[in-house]
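Take a look at this one; I'll ask things after.
Convention: sequence-line order gives letters A, B, ...; per-chain numbering from 1.
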Amino acid sequence: MEPPYLQVSFRPNVKLVSTVRKFTEEFYEHMLEDREVTDKLALATHELLENAVAYASDGETGVRVELANDELVVKTWNRISPERLEALEQLFIEMNDSEPDEYYQMMLRKTAHRTDGSGLGLARVRAEADMAVTYEVSPGRVCILASTPIKPKVGGK
Amino acid sequence: MSLTLEKLVCDAMTADSSIDGDQIRMVLEGTADTQSRAELDEYVGKLHGEAQRLGTKIVHVDLKELEFMNSSCLKIFVSWLAQLNDLGPDKQYKLVIHSNPKLLWQRRSLAALSCFAVDLVTIESA
């Protein structure tokens, strides 16, 4: 049996992020037992999608939520410039060098005086949603993946 | 004492403030995300100015009807606390944040916020 998934793609538009978060949250509630987990997943989906929309200069962005082997993966994608990709790679090096809570607190201290966005999104996904965050690159496009072990709802699959 | 601060109405969020004795109470409702970030940032800046003008010692922030807050709007609170921290003790005021235990994101996000400024912020769960 194919693993259950939900996929939504759209032209980058910040107004759609909350709409898609609410839509995916209903999917999580349908599939999962634990309300705390669904809430964390909704937060992660929102943060990842906002990043995807913010950095997608054009083209298409979207989210795919897939439940397989007792793990749930939230994947977002967008087009990316070489400069932005370099910055993203550096961000992951720094982020993976610290524990999630420690890195999040460091980013909270840093962001207080930032003027170019918060820089908190991925740190928040790791620390508050308890999700592992990675990325995959294909020509001109980046995918951010956040994953967590989950317990599917009986009859939800 | 009176506040010179008009109610903020965005697409998905409202912010309103009032004087409560010698304290200020700000109520946020709806969804605080990228669409309302700039307006909320400006609003909080004005509120901070009013709190200083009035010599307020406590500002209550009521988030009980705030369904969601993204990281850009969370940053507004971080910057607010950093500004407060930079003030001399005689000019500082404290934030009392009133949260809703049914909105689970609040417990995690507000815990992170309180760790950032332990002496300046208190979280109350209604």
Side-chain angles (χ1 to χ4, degrees), chain A residues 12-22 24-25 28-29 32 34-55 100-131, chain B residues 10-13 29-42 44-45 48 63 66-87 95 97 99-121 123:
Chain A
N13 181 342
V14 73
K15 290 186 176 181
L16 290 176
V17 173
S18 285
T19 304
V20 177
R21 183 194 77 236
K22 288 173 189 167
T24 52
E25 194 168 5
Y28 299 140
E29 284 168 1
L32 306 174
D34 190 337
R35 196 172 152 256
E36 174 101 30
V37 174
T38 63
D39 192 78
K40 287 178 177 180
L41 291 168
L43 182 147
T45 304
H46 189 106
E47 293 294 349
L48 295 182
L49 264 180
E50 278 212 340
N51 275 356
V53 167
Y55 293 115
D101 288 337
E102 179 192 348
Y103 182 75
Y104 190 33
Q105 282 299 318
M106 185 191 78
M107 290 305 292
L108 284 171
R109 289 192 295 275
K110 267 191 181 178
T111 199
H113 303 290
R114 272 180 74 143
T115 53
D116 57 336
S118 78
L120 290 175
L122 295 180
R124 192 182 191 202
V125 171
R126 282 212 319 163
E128 288 194 28
D130 292 320
M131 297 183 84
Chain B
C10 303
D11 274 357
M13 191 207 77
E29 294 182 355
T31 297
D33 63 11
T34 301
Q35 289 185 82
S36 48
R37 188 202 58 77
E39 289 94 336
L40 180 61
D41 195 18
E42 186 181 349
V44 166
H48 175 62
L63 302 182
L66 190 69
E67 183 194 336
F68 184 74
M69 181 188 285
N70 75 346
S71 55
S72 305
C73 292
L74 187 65
K75 175 194 186 292
I76 293 170
F77 283 83
V78 174
S79 298
W80 188 4
L81 288 168
Q83 264 187 296
L84 275 177
N85 196 45
D86 290 344
L87 292 174
L95 296 189
I97 301 182
S99 67
N100 180 346
K102 289 180 182 167
L103 297 171
L104 301 179
W105 69 268
Q106 292 193 357
R107 194 175 66 230
R108 298 184 298 271
S109 299
L110 298 179
L113 202 62
S114 63
C115 285
F116 173 74
V118 176
D119 298 334
L120 293 172
V121 62
I123 311 297

Do B:V44 and B:Q83 come within less than 4.5 Å of each other through their side chains, counting heavy atoms only?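 They are not in contact (no side-chain heavy atoms under 4.5 Å apart), so the answer is no.
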Which value, rounded to the nearest 0.5 Å, describes the distance between B:S79 atom OG and B:D41 atom CG? 7.0 Å
Looking only at heavy atoms and a cut-off of under 4.5 Å, which of A:H113, A:R114, A:H46 has the most pairs with chain B?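 Heavy-atom pair counts peak at A:H46.
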Rounded to the nearest 0.5 Å, what separation is found between the CE atom of A:M131 and the CZ atom of A:R126?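 Separation between the atoms: 13.0 Å.
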Can you tell which part of B:F68 gets under 4.5 Å to a heavy atom of chain A, answering side chain, backbone, both or neither? side chain
Portion of A:E36 that has a non-hydrogen atom of chain B nearer than 4.5 angstrom: both
Please classify the contact of A:R35 with chain B as side chain, backbone, both or neither, using a heavy-atom distance under 4.5 Å.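 Answer is both: backbone and side chain atoms of A:R35 are under 4.5 Å from chain B.
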Is the number of heavy atoms from other residues, nucleotides or ligands within 6.0 Å of CZ (B:R37) greater than 12? no
Please classify the contact between A:R109 and chain B as side chain, backbone, both or neither, with a heavy-atom cut-off of under 4.5 Å.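 Both backbone and side chain of A:R109 come within 4.5 Å of chain B.
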Measure the spacing between CG of B:L40 and CG of B:D33 and express it to the nearest 0.5 Å.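 Separation between the atoms: 10.5 Å.
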Do you know which of B:A112, B:S72, B:A82 has the most heavy-atom pairs under 4.5 Å to chain A?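 Most heavy-atom pairs within the cutoff with chain A belong to B:A112.
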Measuring from atom CG of A:L48 to atom OG1 of A:T24, what distance do you get when rounded to the nearest 0.5 angstrom? 10.5 Å
Looking at B:R108, B:Q35, B:R107, which makes the most heavy-atom pairs under 4.5 Å with chain A?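 It is B:R108.
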Is it the backbone or the side chain of A:K22 that comes under 4.5 Å from a heavy atom of chain B, or both, or neither? side chain
Side chain from CB out, backbone as N, CA, C, O: work out which of these in B:T34 comes under 4.5 Å of a heavy atom of chain A, or both, or neither. both
Checking A:E128 against chain B: side chain, backbone, both or neither under 4.5 Å from a heavy atom?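 Contact with chain B involves both backbone and side-chain atoms of A:E128.
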Atom pair CG/CG of B:D86 and B:L81 - distance to nearest 0.5 Å: 11.0 Å
